Amino acid sequence: MSIWEYANPKKFIATTTPVIPWAFGGAMLCLLVGLVWGFFLTPQADRFGSTVKIIYVHVPSAMMAINAWAMMLVASLIWLIRRHHVSALAAKAAAPVGMTMTLIALFTGAVWGQPMWGTWWAWDPRLTSFLILFLFYLGYIALWEAIPDPDQAADLTSVLCLVGSVFAILSRYAVLFWNQGLHQGATLSLDAKENISDVYWFPLLVCLAGFILLFVALVLMRTGTEIRVRRLRALERQAQRALA
Amino acid sequence: MKALLLRDLRLAIRAGGGFGLSLAFFLIVVVLVPFGVGPESDILSRIGPGILWVAALLATLLSLDRQFALDHEDGALPLIATSPLPLEAVALAKALAHWLTTGLPLTLAAAPLGVLLNLDPAAYPWIVLTLGLGTPALSVIGTFGAALTVGIRRGGLLLSLLVLPLYVPTLIFGAEAARRGAQGLEVATPLLMLAGITAGSLALLPFAAGGVLRINLR
Amino acid sequence: MKALLLRDLRLAIRAGGGFGLSLAFFLIVVVLVPFGVGPESDILSRIGPGILWVAALLATLLSLDRQFALDHEDGALPLIATSPLPLEAVALAKALAHWLTTGLPLTLAAAPLGVLLNLDPAAYPWIVLTLGLGTPALSVIGTFGAALTVGIRRGGLLLSLLVLPLYVPTLIFGAEAARRGAQGLEVATPLLMLAGITAGSLALLPFAAGGVLRINLR
Amino acid sequence: MTLRVQGLAVARGGVPVLTDLGFTVDPGHALVLRGPNGAGKTTLLRVLAGLAPPLAGRIDLPPESAAYASHADGIKATLSVTENLRFWAALYGRPWADQVLDDFDLRTLKDRPAGTLSAGQSRRLGLARLGVIGRQVLLLDEPTVSLDAASVARFAAWLRERHLGRGGIAVIATHVPLGLDAPELDLAWFRADPAAVSHGTDAAFL
Amino acid sequence: MTLRVQGLAVARGGVPVLTDLGFTVDPGHALVLRGPNGAGKTTLLRVLAGLAPPLAGRIDLPPESAAYASHADGIKATLSVTENLRFWAALYGRPWADQVLDDFDLRTLKDRPAGTLSAGQSRRLGLARLGVIGRQVLLLDEPTVSLDAASVARFAAWLRERHLGRGGIAVIATHVPLGLDAPELDLAWFRADPAAVSHGTDAAFL
Ligand code: HEM
Ligand SMILES: Nc1ncnc2c1ncn2[C@@H]1O[C@H](COP(=O)(O)OP(=O)(O)OP(=O)(O)O)[C@@H](O)[C@H]1O
Ligand SMILES: Nc1ncnc2c1ncn2[C@@H]1O[C@H](COP(=O)(O)OP(=O)(O)OP(=O)(O)O)[C@@H](O)[C@H]1O
Ligand SMILES: [Mg+2]
Ligand SMILES: [Mg+2]
């Protein structure tokens, strides 16, 4: 019994179908608790005012945007090396979720930037990197859409994901070099407590857990859908040939 | 490889679209910018190096979709693929031909065009140096993108979309080095990074492009 | 004419290259400019309207070579020419399809993209208004240029060179009106001129394009 | 309506190819053009279709009655077979009739993107266009290239019964016999002397 | 060197087209592929040429010994006939021999830009590439399309004498007889069984 058995589409669907509702339920619960706690039960920060509460959406979505790309990278590698269809489809399934997370982070950031920095947009390194990440997602999804043959599409998007990751990291450093920013440093680092007090910290963690669960649920569900689409197409072809 | 390179160069010259296309486009962009942003020369000279870099990048981007598409349409690509030349070498030859017909003329034309943008005389050598260092990377990265989209009819859009994010680091370091050089600031770091990107792309991307071509020809 | 228009729109949507291409290119240019010229928001907001206009114009220019070239390559153009539809109507239908897939989306996308260039809020309505007024002229003029170069393989370069000078008046009045509007100055004159150019091109150029097509098909 | 050609001379790329050509095709009849490669069949058909001007001579043909079909059939790879045909019907202002799918054996392929057809299948699609636009005079350049024997016979039958049988005219350039009972014209007899002073624009400078 | 194919199954666009195909072609021999339009001739040749992977089965063929030729011949319109051929010779690392111009009757056309050739002439140019690259196994997809009778005979003679006569192999898909004394293989017999679970990537999902 190896983990690769789950790479069988049927086995994957059979295993994940019961998990999805639990993941969704957990996500909803965490988000509800985290957001209500964060929005209504925390004090207003001196410097930020009530706008600080955007953090409960902004930070988790920003983190998931990056993690989704990392997951796609791993899944692409698995496809290229072991050629498990499920992993290619999982990468495909994760992309729109990751892109949406990027958009949410960009949007909440812009909404937050207006009161904080007096502008919707600044060419801050962090913000700029996210814009570039958004373009990467766009290109990746567009490539999937453009190629009719699913295996070929999987191969090409995987290579794009590999090469793209290298350049994404390069861009990150280029952007840092290019402009000094306004944006906060990493809060969730080891010396986290020096940046942000526990009052905000705990609900944020709960929200983060919620976003992670939501991401897992969405990706599992979308992967299942992709598998079913492929299965449907295969059955259609079989039926067509039986007619001919 | 020499045969392929020579043929591509000859085709580019015959069609007139090689050297010409990208240069003309470069010229167009540089001419249009003052019409768009207004003729104040102080602003123009401040944004000059950046505009030259962006224009060069766009001109490169636009000549990319011919890289493999023409050979794909008329059926030459599978015939080249079954020749003794490995596809990695094909990609390298194509990138080289692209640079010779695009990157090199752009680099040489950048200095005279700078006049249109009221560029500071101190900026000229830096523009030429950074473009000369950076355009090979643009060609190689672009060839990889072209190889990715070769099977797709009218893949031009997709190509731009895929290649643009990959161009960002090159553009940032190139334009930054040009700007700093023009103002007499320290330029070693961006120049080194630029050279590093070019060297790395040249060493690795032909392999990626070859692999991707192989997938696309299946 | 409706049949042709519908087919072209359908092809544009199917290929994904229609709406997408020009929009993506527009976005690309707007994102690249700050990387080139640097992130200072005061400079960006000063050159913002001009950059948006130049970017829109470039995006239009680039989608032109598909106007007739695809139909020419696969042999559809002579078949269309021998149909009951006069070539003038063909040109008009093509221009209309081009505007719907290029000019219109660009106009609508200009406002959100302005945010990236730190555009003054007062500038938004003017950008949208001037682009909405000016892009039809760009499409019709471009269609004429595409008709001129249809027989030429890889006519892209030539097309840009021919069309660019024809675009200059539209660009000047369009960008000027947008800039003045943003600064609260008098805009009636450039706006009127812009509207006049659009009306004139729409009325006359389809005939020129039709005639030129007829010559090219001989 | 009769196709009548008198004293026709045609050139390609400025070089005279055929000269002194004359023939008449009556309604319900076909003419087969023969000649080795490079004889000028394609050139002649393009001139008859009005896509290139003749050097000399006259062509009697009512306007908007001819349709030209060559290897390049203007097939759009991303449109389905039916969408391709419907476009031509609409452009020529003709009603759409499903019948044509049967005539050219395309019914099983009707929803396939045209780009996925085999060589012979897409050739059939190109020919089906002729059944859709309802023109009286068909100018066909090697119409049966890539077709298998059954498809050639089917096309010949369509031509005989549905086109010529209804008073249509066809001029066909081909290297393979079509099984049509039609007179043949060998273009080798009408070769123009390339060295002769041409009647073309060169003449003004000689 | 013998071309040996066993238990081959091929697909196009994910749809299995042929199955359980097996044959052997010895040096100096040719095999003619027959079958109606859409039977899978092009698909099979592309798999043999290594341009597409087989679904199942094996193909014994030394690497870099096969050449594939189809309608699309990679002819560059702006290069002259000789320049086109010389490019292929150089790319395949072969010496250039003028002889090929005579073999394919291209001598009078040798300095013409390839774009100005007639259909049959440019087909001859496409075939001449085969004479230049010196490959042992030729995989030909409808090689004589658009050729007149004389050119077909000339090509058949070249194939017999200069290719097969020197121990070469040829697999030829065609709808018209070439006048070669070669066995024929009707692909209609090998049509993929519609009821069978496909061997393709579909199988993973069924
Ligand atoms: C469009 C604009 C913005 C984008 C794309 C963006 C992006 C990000 C990203 C990627 C992270 C970090 C995740 C991590 O690495 O831990 C983050 C965190 C954060 N952002 Fe933003 N941000 C934007 C605007 C803003 C604004 C306007 C503010 C408020 C002044 C803000 C405040 C924060 C804070 C406090 C954090 C948490 C610190 C951290 O975990 O790094 N952001 N944002
Ligand atoms: N642009 C050109 N310049 C000079 N000669 C040309 C040009 N185009 C075609 N020709 C020549 O004109 C002649 C007639 O060509 P055409 O295509 O009409 O021949 P065809 O009878 O259709 O031949 P095929 O059977 O090969 O299709 C050929 O000899 C060809 O080489
Ligand atoms: N992308 C695709 N998707 C689905 N089916 C396809 C695709 N491409 C080709 N086919 C089908 O595969 C079958 C085999 O095609 P192939 O081109 O091999 O036929 P062929 O024997 O060469 O026919 P022809 O004599 O017409 O050239 C055809 O029925 C064709 O319609
Ligand atoms: Mg011909
Ligand atoms: Mg075939």
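Here is the naming used below: chain letters follow the sequence lines, and residue numbers restart at 1 for every chain. It should be emphasised that the depicted structure is a prediction, and the values quoted were computed from it without experimental measurement.
Using non-hydrogen atoms only and a strict 4.5 Å limit, the part of residues 168-177 of chain C facing chain B consists of C/Val168, C/Leu171, C/Ile172, C/Ala175. Chain C is approached within less than 4.5 Å, heavy atom to heavy atom, by no residue from residues 127-142 of chain B.
Atom CG of B/Leu32 and atom CG of C/Leu58 lie 6.0 Å apart (nearest 0.5 Å).
For a residue to count as touching a neighbouring chain, one of its non-hydrogen atoms must lie under 4.5 Å from one of that chain's; by this rule C/Leu164 touches chain B with the side chain only. Only the side chain of C/Leu57 comes within less than 4.5 Å of a heavy atom in chain B; its backbone stays farther off.
Among B/Val31, B/Val33, B/Leu62, the residue making the largest number of heavy-atom pairs under 4.5 Å with chain C is B/Leu62. For the options C/Ile47, C/Leu61, C/Val29, C/Ile51, heavy-atom pairs under 4.5 Å to chain B are most numerous at C/Ile47.
Contact record, C/Ser160 with B/Ile28: CB-CD1, 3.4 Å, taken as the closest heavy-atom pair.
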